[in-house]
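Values below: all heavy atoms of this structure, side chains included; hydrogens, waters and symmetry mates excluded.
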Amino acid sequence: FRRQPALRGTSDAQALVDHSIRRKRRSEDNTQINIRAMAKTLTIEIQKRFNDIDSFRHVNNVAQQTYFDLGKTDYYRRVMGIDGTFGKLRVITVSTHTDFRSQVRMTDDVTVSTTVSRLGTKSMTIYQQLLCGGECRTESTSVMVAFDYENQCSVEIPDEWREKLQ
């Protein structure tokens, strides 16, 4: 796992004591909001495919969503130790919001960082960034729910998952 750099004005030691990261964002009315992320942030490199690129040599917005899905799937497997897409208990998306901040071009090296920013009783919020050379080009938040497919209902996040996320 890759630890995010220390916050501005804090030392690495302070960042290690506070096992979470604060990210500043602007809301729609341009007021500053903080996202508090859990300590486990996973970053993966993305291999772009020819069909991800549009006629302007940009990575299509739909392709960027698939990159975020790859990040989530990898996070479930490596951090939570689950598949998340098969079996009786699964993780499903109930809400997603994406901000496209800047263009992603065909020649850009792309990575996706994924972390859990909020852990509730039945749901968790995943915060992701699509990075090109360390610059955030697109960011996304997704509300994910633990879901019992056999009984077709949401359930509390299992303690085993919760321990791995905190």
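Contact annotation: the side chain of Y149 approaches that of I92 to within less than 4.5 Å [non-hydrogen atoms, C-beta and beyond]. In this structure, the side chains of I44 and R78 come closer than 4.5 Å at one or more pairs of heavy atoms. Between T125 and S123 there is no side-chain heavy-atom pair separated by less than 4.5 Å. Side-chain contact between Q65 and V62 is absent, with no heavy atoms from C-beta onward closer than 4.5 Å. Taking the side chain as every heavy atom from C-beta outward, F68 and T96 never approach each other to under 4.5 Å. Considering only heavy atoms from C-beta on, I82 comes within 4.5 Å of V91 through its side chain. No side-chain heavy atom of Q128 sits under 4.5 Å from any side-chain heavy atom of Y67. Taking the side chain as every heavy atom from C-beta outward, V104 and Q64 approach each other to under 4.5 Å.
Between the OG1 atom in T111 and the CG atom in L42 there is a gap of 11.0 Å [rounded to 0.5 Å]. The CD atom of Q129 sits 10.0 Å away from the OG1 atom of T138 when rounded to the nearest 0.5 Å. In this structure, the separation between CE on M124 and CE on M144 is 6.5 Å, given to the nearest 0.5 Å. In this structure, L165 CG and M80 CE are separated by 5.0 Å, a value rounded to the nearest 0.5 Å. In this structure, T141 OG1 and I126 CD1 are separated by 10.5 Å, a value rounded to the nearest 0.5 Å. With rounding to the nearest 0.5 angstrom, the OH atom of Y127 is 10.0 Å from the OG1 atom of T41.
At least one donor-acceptor pair under 3.5 Å links the side chain of R162 to the backbone N or O of G120. Distance alone, capped at 3.5 Å, places no donor-acceptor pair between the D74 side chain and the G71 backbone.
Under a hydrophobic-cluster definition in which Ile, Leu, Val, Met, Phe, Trp and Tyr are linked whenever side-chain heavy atoms come within less than 4.5 Å, directly or via other members, V116 and V155 are assigned to the same cluster. One hydrophobic cluster holds both V59 and V112 under the rule that ILVMFWY side chains link at heavy-atom gaps under 4.5 Å.
The one candidate from L131, L70, T66, L130 that meets the side-chain contact (heavy atoms from CB on, under 4.5 Å) condition with I46 is L70. Here the options are D108, D109, D99, the test is salt bridge (charged side-chain N to carboxylate O under 4.0 Å, His left out), and the partner is R137; only D108 passes. For the side-chain contact (heavy atoms from CB on, under 4.5 Å) criterion with V110, the lone passing option out of Q47, K48, R105 is K48.
Smallest separation of non-hydrogen atoms from K164 and G81: NZ-CA, 4.1 Å. In terms of heavy-atom proximity, Q166 sits nearest to K40 at O-NZ, 3.9 Å.
Under 3.5 Å, the side chains of T107 and R57 contain no donor-acceptor pair of N or O atoms.
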Subject >> Audit row: T121, E156, side-chain hydrogen bond (donor to acceptor under 3.5 Å, both in side chains) steps and yes/no >> reply: CA-CA 5 Å; T121 304; E156 288 188 10; 6.0 Å; no

Original post:
What do the steps show when you test V94 against F147 for side chain to side chain contact (heavy atoms under 4.5 Å, CB included), and what is the final call?
Top reply: CA-CA 11 Å; V94 295; F147 194 78; over 6 Å; no

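By the neighbour-count criterion of 12 heavy atoms within 6.0 Å, atom CD of E45 is sparsely surrounded, having that number or fewer from other residues, nucleotides or ligands. More than 12 heavy-atom neighbours from other residues, nucleotides or ligands sit within 6.0 angstrom of CG on D54. Taking a 6.0 Å sphere around CD of E160, one finds it holds 12 or fewer heavy atoms contributed by other residues, nucleotides or ligands.
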